[in-house]
Amino acid sequence: MHIEEFRDYCMAKPGTTEETPFGPDTLVFKVMGKMYALTGIDSFEFINLKCDPEYAIELRQKYDGSIRPGYHMHKKQWNSVYTDGAVPDKTIKHLINHSYDLVVSKLPGKLKDELKQLS
């Protein structure tokens with residue numbers, strides 16, 4: 001997966017915005033103001049994605065070295081998914097969806113209602 005494909009995939013999700021709150025080198029995607037994905041703009045070495053803690057452990061075992069505890073993130077709830085080709089694009093998209101859905105599930109009711117109107 002290339003950064004353009006990653007960006008397009010994220011931006012197609014309802015309620016998604018892109019920002020650079022950590023400086024110009026880190027691209028962050030948020031749904032209704034809550035972060036669900038981020039990556040380095042220049043390197044695109046890996047993508048940080050939110051993940052269910054038990055599923056995160058399973059993924060790290062299955063993709064040993066290519067999915068690791070989230071770099072500079074809460075290690076139980078975030079994974080760094082390396083974009084070196086070891087994790088198929090289809091799986092990366094599934095993990096983006098999982099991260100997005102996890103964040104949406106935790107949104108307050110008012111924001112969930114606003115998001116439904118955007119869909």
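Atom set for the values below is all heavy atoms of this structure, side chains included, hydrogens, waters and symmetry mates excluded.
Of the inter-residue distances, the one linking Phe29 atom CZ with Phe6 atom CZ reads 5.0 Å to the nearest 0.5 angstrom. One distance of note links CG of Leu59 with OG1 of Thr91; it measures 8.5 Å at 0.5 Å rounding. Atoms OH and CZ, from Tyr63 and Arg68 in turn, are 15.5 Å apart once rounded to the nearest 0.5 Å. We find the SG-NZ distance between Cys51 and Lys76 to be 14.0 Å, quoted to the nearest 0.5 Å. Distance check: Asp42 CG to Thr26 OG1 gives 9.5 Å after rounding to the nearest 0.5 Å. Once rounded to the nearest 0.5 Å, the distance linking CG of Leu49 with OG1 of Thr39 reads 9.0 Å.
Between the side chain of Ser66 and the backbone N or O of Tyr82, no donor-acceptor pair lies under 3.5 Å. At distances below 3.5 Å, at least one donor-acceptor pair connects side-chain atoms of Tyr36 with backbone N or O atoms of Cys10. Distance alone, capped at 3.5 Å, is enough to place a donor-acceptor pair between the Asp84 side chain and the Ala86 backbone. Between the side chain of Ser105 and the backbone N or O of Leu102 there is at least one donor-acceptor pair closer than 3.5 Å. A donor-acceptor pair is defined here as one N or O able to donate and one able to accept, closer than 3.5 Å; such a pair exists between the side chain of Thr83 and the backbone of Phe44.
For Tyr9, there are no ring-ring contact (aromatic ring centres under 6.0 Å, His included) partners, not counting sequence neighbours. By the side-chain contact (heavy atoms from CB on, under 4.5 Å) test, Leu111 is found to be paired with Met32, Leu107, Pro108, Glu114, residues two or more places apart in sequence or in another chain being considered. Partners of Ser80 by side-chain hydrogen bond (donor to acceptor under 3.5 Å, both in side chains), not counting sequence neighbours, listed by chain and number: Asn48.
The salt bridge (Lys or Arg N to Asp or Glu O under 4.0 Å) analysis of residues 5-29, with sequence neighbours excluded, yields the pairs Glu5-Lys93, Arg7-Glu18, Glu19-Lys30. The stretch residues 45-62 participates, sequence neighbours left out, in no salt bridge (Lys or Arg N to Asp or Glu O under 4.0 Å) pair at all.
Using a 4.5 Å cut-off on side-chain heavy atoms (C-beta onward), Leu95 and Asn79 make no contact.
Under a hydrophobic clustering in which Ile, Leu, Val, Met, Phe, Trp and Tyr are joined whenever their side-chain heavy atoms come within less than 4.5 Å, directly or via other members, Ile67 and Ile57 fall into different clusters.
With a 4.5 Å cut-off between side-chain heavy atoms of Ile, Leu, Val, Met, Phe, Trp and Tyr, the cluster of Val28 takes in Phe22, Met35, Leu38, Met73, Trp78.
Nearest heavy atoms, Lys34 versus Val103: CB-CG1, 3.4 Å.
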Applying side-chain contact (heavy atoms from CB on, under 4.5 Å) to Phe46 and Val81, what does each step give before you reach the verdict? CA-CA 5 Å; Phe46 60 86; Val81 180; 5.9 Å; no
Between Tyr55 and His98, is the ring pair (Phe, Tyr, Trp, His ring centres under 6.0 Å) condition met? List the steps. CA-CA 10 Å; Tyr55 188 38; His98 176 70; 5.1 Å; yes
